[in-house]
Each structure stands twice: as C-alpha cells, then as structure tokens.
Enquirer: 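Sharing a structure, written as structure tokens. Questions coming.
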Amino acid sequence: MYGPKGAEAPVRKVTVPDLRARKAAGPPIAMVTAYDYTMALLLDEGGADVVLVGDSLGMVVQGLPNTLPVTIDDIVYHGRAVSRALRRAHLVGDMPFMSFSTPEVALANAGRLIKEGGFEAVKLEGGAEVAEHVRRIVSAGIPVMGHVGLLPQTVHAMGGFKVQGKRESDADRIIRDARALEDAGCYSIVIEGVPADVGARITESVAVPTIGIGAGAECDGQVLVCYDFLGMFRGMRPKFVKRYAELGDQIVHATRAYVEEVRSGAFPAPEHSFGIKVVESKTA
Ligand code: KIV
C-alpha cells in the first residue's frame, strides 16, 4: 500500500560530473538534507539536485543538543530509507564525528556508507588536516564532498556554533583549507557559517563547486536542512535560514483538528469506514 510508485518515466540521476560542470555553466546547485523515505520523495519531486543525509539528524531527528553522538550506523540506516526514494537527486552521506579519525578508519567507514547506505558520495568536515583522509577515500573511487568554515563537529573547540573567518588570518586559513581539499580530490566543498565575502573568496579560489550554508550568495550552490526551510524545526533559528513554508504550524493545526474530531466522534465518517457486505450462505 505504501510502496514506491509504479511505472514512471525513467529520470536521469544527477552525477558528480554534472555537479562539477555547474561551477562554470550553472545554474547554482540546490542541495537539501533528508532523513526518511517520504520526505526524500517530496524533495526529489521538488527538484533538489543533491540530498544529504546530514549528521544534523542528531539535532533535528534525535533531539540532541549537537551532532557529536551520531554514529555511522545512524547514517547508514537513514541512507537506506532516503536512497529508496531518490529518482534524480545525487545522494551524499555525512561522515559523523570520529568516523574518519585516521585515513584507514575514514576509508572503512566511507566504504560502509556506499555499500550499506546506498550513498553515491560522502561528506566530511575539516580542512588541510583531513586532506590525507580524503585522498585515501578518493583513491578507492568514492567521491568526497569537503566541508569548511563553521564545523559543527568541533562545537566544543569553537565554544558554540559561531561564524568563522571574521579575522583576516582565519579567512586566509579557511581558503587554504578549501584549496587543500580540492588538491586532495574533493569534487565539491560545503562552506558553512562565514561572512559572505569570505564565501565569495573561497568560491573564486577553487575550481570545484562550493555549496554555501550561511556563506553568502556567491557560492556555486546552497544547502539547507529540510526541517528549517520547511518551517518545521522548533529549535535554533539561524539568520541564514529562509523559511519557504510554515509546515510546523500546519502540522499542529491539523493535529488539533484530528484530536477534536476523534473526541467528538466526527471522525471516522462513513466514507472512512469499510462497509460490511453480508454474504448469505446457501445451505441445502
Ligand atoms: O549535517 C548537515 O546537515 C550538514 C549540512 C547543514 C551542510 O552538514
């Protein structure tokens, strides 16, 4: 009853070369996060180019204060569900905190995401210090998306979720990080939480597409957490989020209406009930 839709025209998947080509040819890349089958189906139908099963699931799905406890098993589990839904969008799996602590560990866990989670690429946080890890994964044929700027997995070291690269020396370091990731073989780089001009400078400095989140309008694409842009997440409301709907309020209103109708007896109505067809048995 709730299985994948049936006979539909085949749709071509967005590939790594397609995304690389968007740097020069455009249009900007539209990336979103998803964590389950139903949401992924809708986001794919809406035309998202890239879907990320982010470790943000720790906060928006599991209700944790940060992403640190998320495991590779969590990402595999949600990847399986999301991968069943996507017809067009390219699927990226986030590598959680400590799942890429050495190049060997990184390769083993990236392999799990591809083999078990149905992912087409992996993403990991960090700059020059993870270049060797990226190289190792890429040499196994697994595409890697980098992630520089505000790194949520270093929340304790940063002293909170704070905009990065405000000082010239920090901005220069983040640009060097992005270049190191490009040299190591990343096919694209997420830039999170930096001033817009730093986002623009990083984007100019690398030949691979950059995908911004709170990094200004000059990046080669943008990414948002689905529950943020759909207006569902009731927690943090960062400045960079634009809410394209208020589905959270709609869900609360719909739930209130349902609760009232159940209590009043208005639901289920006859059209929601199965009739009983009495079949008379013929007895001799
Ligand atoms: O975990 C995540 O959802 C992310 C994106 C916000 C880029 O890393």
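We count ligands from 1, going down the list as the structure has it; atoms in each ligand are counted the same way.
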Enquirer: Contact between Ile142 and Phe119 at the side-chain level, heavy atoms closer than 4.5 Å - yes or no?
Expert: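 With C-beta onward as the side chain, the pair stays apart.
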
Enquirer: Does an N or O anywhere in Ser56 fall below 3.5 Å from an N or O of ligand 1?
Expert: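 Such a contact does occur with ligand 1.
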
Enquirer: Using the ring centroid of each side chain, check whether Phe97 and His156 are separated by less than 6.0 Å.
Expert: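 Aromatic pair excluded; centres sit 6.0 Å or further apart.
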
Enquirer: With nothing but distance in play, are any N or O atoms of Thr33 less than 3.5 Å from an N or O of ligand 1?
Expert: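 In fact, backbone or side chain, Thr33 has no N or O that close.
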
Enquirer: Among all protein heavy atoms, pick out the one at the shortest distance from atom 8 (O) of ligand 1; state its residue, atom name and that distance to 0.1 Å.
Expert: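 Residue, atom and distance for the closest contact: Lys123 NZ, 3.0 Å.
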
Enquirer: Among all protein non-hydrogen atoms, which one is nearest to atom 6 (C) of ligand 1, and what is the separation to 0.1 Å?
Expert: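 Nearest protein contact, heavy atoms only, for atom 6 (C) of ligand 1 is Ile213 CD1, 3.6 Å.
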
Enquirer: Any side-chain heavy atom of Glu120 sitting closer than 4.5 Å to one from Pro143?
Expert: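 Counting from C-beta outward, Glu120 and Pro143 never come under 4.5 Å.
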
Enquirer: Classify the contact between Glu125 and ligand 1 as side chain, backbone, both or neither, using a heavy-atom distance cut-off of under 4.0 Å.
Expert: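 No part of Glu125 is near ligand 1 at this cut-off.
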
Enquirer: Which atoms from ligand 1 have a heavy atom of Asp94 less than 4.0 Å away?
Expert: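 Close to Asp94: 1 (O), 2 (C), 8 (O).
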
Enquirer: Are the side chain of Asp74 and the backbone N or O of Thr71 linked by a donor-acceptor pair below 3.5 Å?
Expert: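 Checking the backbone N and O of Thr71 against the side chain of Asp74, a donor-acceptor pair under 3.5 Å is found.
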
Enquirer: Is it true that a side-chain atom of Asp94 and a backbone atom of Val53 form a donor plus acceptor pair closer than 3.5 Å?
Expert: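 No, the answer is negative, given that no donor and acceptor are paired below the 3.5 Å cut-off.
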
Enquirer: Using heavy atoms and a threshold below 4.0 Å, how should the contact between Leu57 and ligand 1 be classified: side chain, backbone, both, or neither?
Expert: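 No part of Leu57 is near ligand 1 at this cut-off.
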
Enquirer: To the nearest 0.5 angstrom, please state how far the CG atom of Asp177 sits from the CG atom of Asp172.
Expert: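 It is 11.0 Å, given to the nearest 0.5 Å.
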
Enquirer: Under a heavy-atom criterion of less than 4.0 Å, does His147 contact ligand 1?
Expert: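 Yes, that is the case, since the closest heavy atom of the residue is under 4.0 Å from the ligand.
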
Enquirer: With a 3.5 Å distance limit and no angle check, can you tell me whether Gln164 reaches the backbone of Val194 through a side-chain donor-acceptor pair?
Expert: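 Side chain of Gln164 to backbone of Val194: no pair is present.
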
Enquirer: According to a 4.5 Å side-chain heavy-atom criterion applied to Ile, Leu, Val, Met, Phe, Trp and Tyr, with indirect links allowed, do Val61 and Met232 form part of one hydrophobic cluster?
Expert: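 Yes: a chain of side-chain contacts under 4.5 Å links Val61 to Met232.
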
Enquirer: Using a heavy-atom cut-off of under 4.0 Å, does the side chain or the backbone of Leu52 touch ligand 1, or both, or neither?
Expert: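 Side chain only.
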
Enquirer: From the options Val190, Thr67, Asp55, select the one whose nearest heavy atom is closest to atom 1 (O) of ligand 1.
Expert: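 Among Val190, Thr67, Asp55, the closest heavy atom to atom 1 (O) of ligand 1 comes from Asp55.
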
Enquirer: Under 4.0 Å from a heavy atom of Gly54: which atoms of ligand 1 are those, numbered in the order shown and with their elements?
Expert: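 Here the atoms of ligand 1 in question are 1 (O), 2 (C), 3 (O).
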
